[in-house]
There are 2 protein chains.
Amino acid sequence: MSTAEETAGGEAQPWGEVTPDAARRLLLAAVEAFAERGYHATTTRDIAGRAGMSPAALYIHYKTKEELLHRISRIGHEKAVEILRTAARAEGSPTRRLAEAVSSFVRWHAGGRTTARVVQYELDSLGPEARAEIVGLRRQVDAEVRGIIEEGVRSGEFDVPDVPGTTLAVLSLCIDVARWFNVDGPRTPEEVGALYADLVLRMVGAARG
Amino acid sequence: MSTAEETAGGEAQPWGEVTPDAARRLLLAAVEAFAERGYHATTTRDIAGRAGMSPAALYIHYKTKEELLHRISRIGHEKAVEILRTAARAEGSPTRRLAEAVSSFVRWHAGGRTTARVVQYELDSLGPEARAEIVGLRRQVDAEVRGIIEEGVRSGEFDVPDVPGTTLAVLSLCIDVARWFNVDGPRTPEEVGALYADLVLRMVGAARG
DNA sequence: GGGTGCGCTAAGCGCCCGCTCACCCTTGCC
DNA sequence: GGCAAGGGTGAGCGGGCGCTTAGCGCACCC
């Protein structure tokens with residue numbers, strides 16, 4: 001691979017796998033537009049315009065507008081699973097791994113807010129087959145977090161009466177960051193990640209710090 | 001007032017104030033449609049059809065499709081403020097009031113999921129002036145919750161290093177219920193409300209029941 | 001019982017949507 | 001240089017959108 005897939009800041013460039021170059025530019029333009037206005041309010045003319053192309057160019061690389069959303073959604077969810085899987089399978093106590101999972105997941109939602117917004121909130125705009133595929137990836141996301149919490153309960157580090165419910169709440173908290181996070185706001189993604197990791201450790205009754 | 005505004009279950013019928021009857025039927029149809037497909041994917045023909053009317057009937061009661069969304073959003077946000085204000089100003093310790101605020105707010109999001117979904121997720125579909133008005137109501141929502149947490153910190157019941165950040169997280173957790181809650185799922189609104197109240201008390205470091 | 005006005009409909013206007021098609025450049029191979 | 005291939009464009013099709021308008025029917029008042 002000749003181009004770097006990760007920048008120095010740790011922020012992923014997950015679109016490196018998309019070729020050729022024009023297809024990637026269109027995909028990036030679509031992410032921006034979908035995040036700003038939503039899938040249904042975005043026109044193919046707008047996407048093509050942002051990518052510096054004519055409306056027809058879109059259809060050389062993608063069959064439909066929905067295929068664009070599907071591709072974005074799949075790549076984004078794969079990235080989400082990868083982030084959580086890395087944290088879940090790292091070394092260290094469940095407490096440390098849960099904190100790392102939450103803070104890195106939150107950093108991804110805050111830092112790549114445009115992508116995360118599309119990934120998390122435009123699921124219903126997909127057709128049935130595409131949605132079914134993405135729902136499968138979401139189950140993997142849920143399983144990774146639930147796994148860490150279960151381990152912490154077994155080891156006695158956590159005190160969690162309702163593991164599925166708490167898993168849901170933890171993921172919900174992280175995902176909703178994509179809705180409210182503001183790049184020009186007072187908090188950096190790192191700060192929100194640290195705050196949320198602390199709050200989640202409180203939620204599972206873990207000893208902190 | 002000849003008709004009841006509240007049902008026995010405590011679930012509000014906040015549309016009682018909308019008159020005449022045809023206007024209310026259209027508003028309810030719009031809530032359903034917006035919640036299901038989103039504002040931009042909903043057509044005025046669909047709304048009118050659900051209300052059993054012709055497309056033109058909509059424009060007798062509302063100037064534009066956006067006015068429908070604006071009205072729904074304002075009524076919904078006013079209800080949200082009312083729920084939190086009631087809990088915040090009740091008697092009892094900050095711990096009790098925070099638990100009541102969270103559980104009732106969650107019950108509203110879960111039970112009236114269609115309304116809550118529109119209220120919480122279609123804000124960006126409003127024009128600038130309408131959005132500005134709604135943002136003001138949101139600030140009131142934030143202030144009510146922050147007020148309870150501040151009181152708990154002052155009284156020594158809570159241990160919260162970052163009050164604005166924790167307020168944000170608590171509200172985020174409650175609001176996101178509207179995204180994931182499923183009426184056919186395993187949990188009732190009451191169960192989710194109780195679970196979330198407990199999780200939030202853990203987040204603020206309060207002694208629990 | 002005739003007039004008045006309101007709630008509603010049938011029809012349709014103008015616009016812009018997603019998408020297609022015929023054609024045009026550039027590139028690389030012989 | 002000839003030529004095939006593929007990325008790109010300009011123009012435009014069919015259709016559905018938000019919204020308007022002309023007119024109808026029914027409840028109500030005198």
Side-chain angles (χ1 to χ4, degrees), chain A residues 2 15-73 118 122 124-131, chain B residues 2 15 17-73 118 122-131:
Chain A
S2 60
W15 315 115
E17 64 205 82
V18 181
T19 55
D21 185 68
R24 180 169 51 246
R25 265 159 51 220
L26 284 163
L27 210 80
L28 275 163
V31 169
E32 264 184 48
F34 292 163
E36 258 176 46
R37 304 135 100 101
Y39 174 77
H40 287 294
T42 299
T43 69
T44 54
R45 284 162 176 84
D46 181 24
I47 296 169
R50 285 173 194 248
M53 297 178 187
S54 77
L58 201 152
Y59 293 90
I60 296 162
H61 300 285
Y62 302 96
K63 237 171 51 188
T64 62
K65 179 179 151 189
E66 198 201 311
E67 193 193 324
L68 266 168
L69 178 60
H70 184 190
R71 289 269 255 267
I72 292 167
S73 198
V118 178
E122 296 291 354
D124 289 344
S125 303
L126 289 169
E129 311 132 46
R131 183 160 59 239
Chain B
S2 59
W15 315 115
E17 66 203 81
V18 181
T19 54
D21 185 68
R24 181 170 49 246
R25 266 159 53 221
L26 283 164
L27 210 80
L28 275 162
V31 169
E32 266 184 46
F34 292 162
E36 260 176 45
R37 304 135 99 104
Y39 175 76
H40 287 294
T42 298
T43 69
T44 53
R45 284 162 177 83
D46 182 25
I47 296 169
R50 285 174 193 247
M53 297 178 188
S54 79
L58 200 152
Y59 294 91
I60 295 160
H61 301 285
Y62 303 95
K63 236 171 52 187
T64 61
K65 178 180 151 187
E66 198 200 311
E67 194 194 322
L68 265 168
L69 178 60
H70 184 191
R71 289 269 255 268
I72 292 166
S73 198
V118 177
E122 296 291 353
L123 182 64
D124 289 344
S125 303
L126 288 169
E129 312 132 45
R131 182 159 59 239

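Letters go in sequence order (proteins before strands), and every chain restarts at 1.
The side chain of Met53(B) sits closest to dT9(C) out of dT9(C), dT9(D), dG18(D).
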Item to check | Verdict with reasoning, Arg50(B) to Glu36(B), per side-chain contact (heavy atoms from CB on, under 4.5 Å) | outcome: CA-CA 13 Å; Arg50(B) 285 174 193 247; Glu36(B) 260 176 45; 3.1 Å; yes
Checklist entry - After noting the C-alpha distance and the side-chain angles of His70(B) and Leu126(B), does the key distance pass the side-chain contact (heavy atoms from CB on, under 4.5 Å) rule? => result CA-CA 7 Å; His70(B) 184 191; Leu126(B) 288 169; 3.9 Å; yes
Item to check | Residue pair Ser73(A), Glu122(A): steps toward the side-chain contact (heavy atoms from CB on, under 4.5 Å) verdict | outcome: CA-CA 8 Å; Ser73(A) 198; Glu122(A) 296 291 354; over 6 Å; no
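Between the side chain of Tyr62(B) and the main chain of Leu69(B), no donor-acceptor pair closer than 3.5 Å is present. Not a single donor-acceptor pair under 3.5 Å links the side chain of Arg37(A) to the backbone N or O of Thr42(A). Of the possible polar contacts, one joining the Tyr39(B) side chain to the Glu66(B) backbone as a donor-acceptor pair under 3.5 Å is found.
With Phe34(B) as the aromatic partner, Lys65(B) does not meet the cation-pi criteria of under 6.0 angstrom to the ring centre and within 45 degrees of the ring axis.
Within 4.0 Å (heavy atoms only), Ser54(B) reaches at least one base atom of the nucleic acid.
Looking at residues 20-35 of chain B, you'll see that no heavy atom sits under 4.0 Å from any atom of DNA chain D. Less than 4.0 Å separates DNA chain D from at least one heavy atom of each of the following residues of residues 55-63 of chain B: Ala56(B), Tyr59(B).
When all heavy atoms of Ala33(A) and Ile47(A) are compared, the closest pair comes out as CB-CG1, 4.4 Å. Nearest heavy-atom pair across Leu26(B) and Ala51(B) is CD2-CB, 3.7 Å. Shortest non-hydrogen contact noted between Pro55(B) and Ala48(B) is CA-CB, 3.6 Å.
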Expected rows: protein N/O vs nucleotides 25-28 of chain C N/O, under 3.5 Å:
none

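Contact annotation: Thr44(A) does not reach the phosphate of dC19(C) (side-chain N/O to OP1 or OP2, under 4.0 Å).
The line from CD1 of Ile60(A) to CE of Met53(A) is 8.5 Å long, rounded to the nearest 0.5 Å.
Computed from coordinates, the Leu68(A) CG to dC19(C) C1' distance equals 13 Å when rounded to whole Å. In this structure, Asp46(A) places its CG atom 15 Å from P of dC19(C), rounding to the nearest Å. dG18(D) atom C1' lies 17 Å from atom NE2 of His40(A), rounded to whole Å.
At a cut-off of 3.5 angstrom, the base of dG16(D) holds no donor-acceptor pair with the side chain of Arg45(B).
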